[in-house]
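Some notes on the structure that comes next.
Computation of the quantities below employed the complete heavy-atom set of this structure, encompassing side-chain atoms and omitting hydrogens, waters and symmetry-equivalent molecules.
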Amino acid sequence: MTNTKTPIVLTIAGSDSGGGAGIQADLKTFAALGVYGTSAITAVTAQNTLGVTAVAEIPITVISEQINAVANDIGIDAVKTGMLSSAVIVKCVAEAIDRYEISTAIVDPVMISATGARLLDKDAVETVKRLLIPRAMAVTPNIPEAEELTGFKIRSVDDMIQAGEELIVLGASAAVIKGGHLEDGTDEVTDILVDMNGVSRFNMPRIDSQNNHGTGCTFASAIAANLALDMGLASAVREAQRFVWNAIATAPDIGRGNGPLNHMYLQNRP
C-alpha cells in the first residue's frame with residue numbers, strides 16, 4: 001500500500017465520450033466506493049448509447065508516461081485494465097505492471113462493445129493471453145470474451161467453470177466469468193469465480209433493462225476498488241456484483257440506446 005489513507009486505483013482504458021463506459025465509468029465507480037481514481041487513457045472513442053463512431057489510439061509513449069506519472073508520484077495500490085486496443089498497448093501495460101511490481105491487477109479483456117464495435121484488434125488477443133492474463137490477479141471476461149480467449153462455446157454454468165479453469169491454465173491467479181450473456185431460461189444471472197479455493201457462484205435476479213452500457217467496466221473497477229480496500233477476492237466480487245445490480249436497477253433513462261448505469265446511487269440515497 002502507498003503512504004496515504006486513501007487507496008489509489010489506476011484504470012488503464014479507453015475514453016467514452018458518452019460517459020457510460022471506459023475511463024469515465026471506472027472513475028465514477030472508484031469515487032462511489034471511496035478510493036482515489038487515477039487514469040491512463042489508451043484510446044479516445046466517439047460514442048454514445050447508440051454505438052461507436054470513431055476510435056483514435058493514444059501514442060504508446062504517452063500511455064507509458066501517464067502510467068509513470070501516476071506511479072512515480074501518487075502511487076498505485078491496484079490496477080484495472082479495460083480497452084487496450086492493440087498488441088503494442090497490451091505489451092506496454094504488461095511491462096508497466098512488471099516495472100512497478102503491481103500485484104493487484106484486474107484485467108477486463110474488453111474486445112467488443114455492447115453495440116458490436118471491435119475494441120481490441122484480433123491479432124492482439126494472443127498478446128493478451130500471453131502477456132496480460134499471466135499478470136492478472138483476476139481476469140473478468142463476459143461469455144463472448146471468454147469464448148474467444150478459450151476457443152470453445154459456453155452454453156451452461158458448467159461451461160463457465162471450465163472457461164475459468166482454462167484461464168487459470170493460461171496463468172491468471174483467478175478468473176471471474178460474467179454470466180449476463182448466458183441464455184439458460186432462468187430469471188437469475190450467475191457469475192463464476194474460479195481461484196485457488198475452488199469455484200464460487202454469485203447469483204442475482206436478472207433485470208430487464210436496456211440501461212446496461214458499461215456494466216463490464218463497472219464490475220471490474222468495483223472489484224479493483226474493493227481489493228484496494230483490503231477485501232478478500234470472493235467478497236470483492238460479491239460486492240462488485242451487488243454494486244452493478246443496484247446501479248442498473250436505479251439507472252436513469254439517458255440516450256436512445258443502451259443507457260448508462262447510476263454509479264452514484266449510494267450517494268443519492270435519502
Would you give me the side-chain donor-acceptor pairs under 3.5 Å for residues 160-177, sequence neighbours excluded?
none

Exercise. Among the clusters formed by ILVMFWY side chains lying less than 4.5 Å apart, do Y265 and I254 turn up in the same one?
Worked result: no
For this session: Keeping the roles fixed (side chain from T45, backbone from S15), state whether a donor-acceptor pair exists under 3.5 Å.
Result: yes
Exercise. Quick one: OG1 on T218 to CG on N262, what's the gap to the nearest 0.5 Å?
Worked result: 10.5 Å
Problem set entry | From OG1 (T6) to OH (Y36), nearest 0.5 Å | 10.0 Å
Exercise. Between V194 and V189, is there a shared hydrophobic cluster once you connect ILVMFWY residues whose side-chain heavy atoms come closer than 4.5 Å?
Worked result: no
Problem set entry | Side chain S64, main chain I60, donor-acceptor under 3.5 Å | no
Problem set entry | Any side-chain donor near an acceptor of the partner, T42 and E57, under 3.5 Å | no
Exercise. For the residue pair A240 and A222, what are the closest heavy atoms and their distance?
Worked result: CB-CB, 3.6 Å
Exercise. Could you state the interatomic distance from CG (L131) to CD (E95), rounded to the nearest 0.5 Å?
Worked result: 8.0 Å
For this session: Evaluate the side-chain proximity of Y100 to N72: yes if any heavy-atom separation is below 4.5 Å, no if none is.
Result: yes
Problem set entry | Minimum-distance pair of heavy atoms, taken over all atoms of C217 and A25 | CB-CB, 4.3 Å
Exercise. Taking it one step at a time, do M83 and V55 satisfy side chain to side chain contact (heavy atoms under 4.5 Å, CB included)?
Worked result: CA-CA 11 Å; M83 176 186 175; V55 177; 3.7 Å; yes
For this session: Please check if the side chain of Q47 supplies one atom and the backbone of G18 the other of a donor-acceptor pair under 3.5 Å.
Result: no
For this session: Compare every heavy atom of A228 with every heavy atom of A78, then report the nearest pair and how far apart it is.
Result: CB-CB, 4.3 Å
Exercise. Can you name the closest pair of heavy atoms from N212 and L261 and give their distance?
Worked result: CA-CD2, 3.9 Å
For this session: Classify the side-chain pair N226/R238 by whether it contains a donor and acceptor separated by less than 3.5 Å.
Result: no
Problem set entry | Side-chain touch L84/V128, heavy atoms, less than 4.5 angstrom | no
For this session: Would you indicate whether the side-chain heavy atoms of D16 and H213 approach each other to under 4.5 Å?
Result: yes
Problem set entry | T190 side-chain N/O to N203 backbone N/O, donor-acceptor pair under 3.5 Å | no
Problem set entry | Flag side-chain contact, heavy atom, 4.5 Å: F243 against L266 | yes
Exercise. Is a side-chain donor or acceptor of Q241 paired with a backbone partner of F202 at a separation under 3.5 angstrom?
Worked result: yes
Exercise. Would you say the side-chain atoms of D73 pair up with the backbone N or O of A69, donor to acceptor, closer than 3.5 Å?
Worked result: no
For this session: For D77 and I8, indicate whether the former's side chain and the latter's backbone hold a donor-acceptor pair under 3.5 Å.
Result: yes
For this session: Identify the two heavy atoms, one from I97 and one from A105, that lie closest to each other, and give their separation to 0.1 Å.
Result: CD1-CB, 4.2 Å
Problem set entry | Greater than 12 external heavy atoms within 6.0 Å of R155's CZ | no
Problem set entry | Gap between atom CE of M137 and atom CG of L233 - 0.5 Å precision | 7.0 Å
For this session: Give the cluster check for V35 versus I67: same hydrophobic cluster or not, with ILVMFWY residues linked at side-chain heavy-atom distances below 4.5 Å.
Result: yes
Exercise. Could you give all pairs that pass the salt bridge (charged side-chain N to carboxylate O under 4.0 Å, His left out) test and reach residues 21-33, with sequence neighbours left out?
Worked result: D26-K80
Problem set entry | Nearest atoms (heavy-atom pairs only) where T81 meets L132 | OG1-CD2, 4.1 Å
Exercise. Is there a donor-acceptor contact under 3.5 Å from the side chain of D195 to the main chain of N197?
Worked result: yes
For this session: Without swapping roles, check the side chain of D191 against the backbone of G179 for a donor-acceptor pair under 3.5 Å.
Result: yes
Problem set entry | Derivation of the side chain to side chain contact (heavy atoms under 4.5 Å, CB included) call for I102 and L10 | CA-CA 11 Å; I102 298 166; L10 169 66; 5.6 Å; no
Exercise. Would V157 and L182 count as a side chain to side chain contact (heavy atoms under 4.5 Å, CB included) if you check the C-alpha gap in whole Å, the side-chain angles of each, and the deciding distance to 0.1 Å?
Worked result: CA-CA 8 Å; V157 171; L182 187 65; 4.0 Å; yes
Exercise. Do I58 and Q66 have side-chain heavy atoms sitting under 4.5 Å apart?
Worked result: yes
Exercise. In Å and rounded to the nearest 0.5 Å, what is the CD1 to OG1 distance from I106 to T11?
Worked result: 12.0 Å
Exercise. Between E145 and N142, is there a donor-acceptor pair closer than 3.5 Å when you use the side chain of the first and the backbone of the second?
Worked result: yes
Exercise. How far apart are the C-alpha atoms of K178 and I143, what are their side-chain angles, what is the distance that settles it, and do they pass the side chain to side chain contact (heavy atoms under 4.5 Å, CB included) test?
Worked result: CA-CA 6 Å; K178 297 173 290 192; I143 285 177; over 6 Å; no
For this session: Say whether I76 and M231 are linked into one hydrophobic cluster, either directly or through other cluster members, by side-chain heavy-atom distances under 4.5 angstrom.
Result: no
Exercise. When rounded to the nearest 0.5 angstrom, what distance separates CG in L33 from CG in L229?
Worked result: 7.5 Å
